[in-house]
Amino acid sequence: MIPLFDSESLPPSQEPLEEGAVLLRGFATSETPVLLEEVNRIAQVSPFRHLVTPGGYTMSVAMTSCGRVGWVSDRTGYRYDPADPDTGAPWPAMPGAFLDLAARAATEAGFPNYDPDACLINRYAAGAKLGLHQDRDEKDAWAPIVSVSLGLPAVFLWGGKRRSDPLRRLRVENGDVAVWGGPARFVYHGVAPLKDGLHPLTGAVRINLTFRKVF
Ligand code: MD3
Ligand code: FE
């Protein structure tokens with residue numbers, strides 16, 4: 001098979017980003033077809049939707065969740081909710097393949113015994129982006145966020161502890177896993193607007209899984 005994106009054919013490698021943060025390139029490449037099947041099953045129960053921010057903007061990224069709680073936003077604020085507000089039902093359970101991958105990646109990054117409560121699933125079409133933010137609604141301020149990239153490549157914008165800190169740009173692609181915890185947990189980050197493209201597994205989109213220890 002001829003890889004569409006060069007680094008998908010490279011062996012896995014570890015790239016330290018800063019203390020508490022590491023990019024595990026290719027860590028999940030062999031698992032991505034199974035992960036995407038699970039995403040599709042989840043989305044049949046809790047469909048992707050464009051959430052509205054408290055400020056009244058509709059997000060360009062479409063989202064769903066699985067696990068004990070899901071991340072939601074509306075005009076009243078954002079929160080983790082045990083029910084999907086669109087269906088009224090609990091979120092789909094976290095698949096075993098998700099938990100297993102997240103725990104292995106966290107261990108590799110120096111965070112053993114990782115047991116996330118939630119996985120937020122983000123879907124990016126061409127032009128979709130995620131503005132600079134911190135993830136700070138989770139109780140455990142040391143436990144990492146584990147991010148798994150699926151499908152089209154993207155550019156992470158990754159700054160420092162202050163919003164005004166300079167940004168680095170980090171290209172990530174199908175099968176790359178990033179882990180941010182401990183001293184790197186409250187780093188400002190975002191995703192640059194997705195470039196058009198076609199990926200054999202996802203077509204015209206990028207999917208990102210972010211695992212969180214919420215409680
Ligand atoms: C966490 N999603 O859902 S994490 C999010 O590609 C989110 O959809 C990104 O940020 C996405 O909240 C993937 C990227 C990231 C980068 C730097 C971080 C997460 C980080 C630094 C500290 C903590
Ligand atoms: Fe985030």
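Counting convention: from 1, in listed order, for ligands and their atoms alike.
Arg212 and Asp135 are joined by a salt bridge, as a carboxylate oxygen and a charged side-chain nitrogen come within less than 4.0 angstrom of each other. Ion pairing between a basic and an acidic side chain is recognised when a charged N comes within 4.0 Å of a carboxylate O; Lys213 and Glu138 show no such pairing. Between Arg49 and Asp84 there is a salt bridge, since at least one side-chain N of the basic residue sits less than 4.0 Å from a carboxylate O of the acidic one.
Going from atom CG of Asn113 over to atom OG1 of Thr107 covers 7.0 Å, rounded to the nearest 0.5 Å. Between Phe48 atom CZ and Ile121 atom CD1 the span is 5.5 Å, to the nearest 0.5 Å.
Listed by chain and number, His133 NE2, Asp135 OD1, Asp135 OD2, His189 NE2 are the protein N/O/S atoms closer than 2.8 Å to the Fe ion (ligand 2), with waters left out.
For Arg163, there are no side-chain hydrogen bond (donor to acceptor under 3.5 Å, both in side chains) partners, not counting sequence neighbours.
Within the structure, side-chain hydrogen bond (donor to acceptor under 3.5 Å, both in side chains) pairs that include any residue of residues 94-103 comprise Asp100-Arg104 (at least two apart or interchain).
Contact residues of ligand 1 (protein heavy atom closer than 4.0 angstrom to a ligand atom; sorted by chain and number): Leu120, Asn122, Tyr124, Leu130, His133, Asp135, Ser147, Phe156, Trp180, Ala184, Arg185, Val187, His189, Val191, Arg206, Asn208, Thr210, Arg212.
A 4.5 Å side-chain heavy-atom check between Phe215 and Tyr80 finds every atom pair outside the cut-off.
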Original post:
Checking salt bridge (charged side-chain N to carboxylate O under 4.0 Å, His left out) for the pair Arg185/Asp140: CA distance, chi angles, key distance, verdict?
Top reply: CA-CA 10 Å; Arg185 184 63 179 72; Asp140 188 331; over 6 Å; no
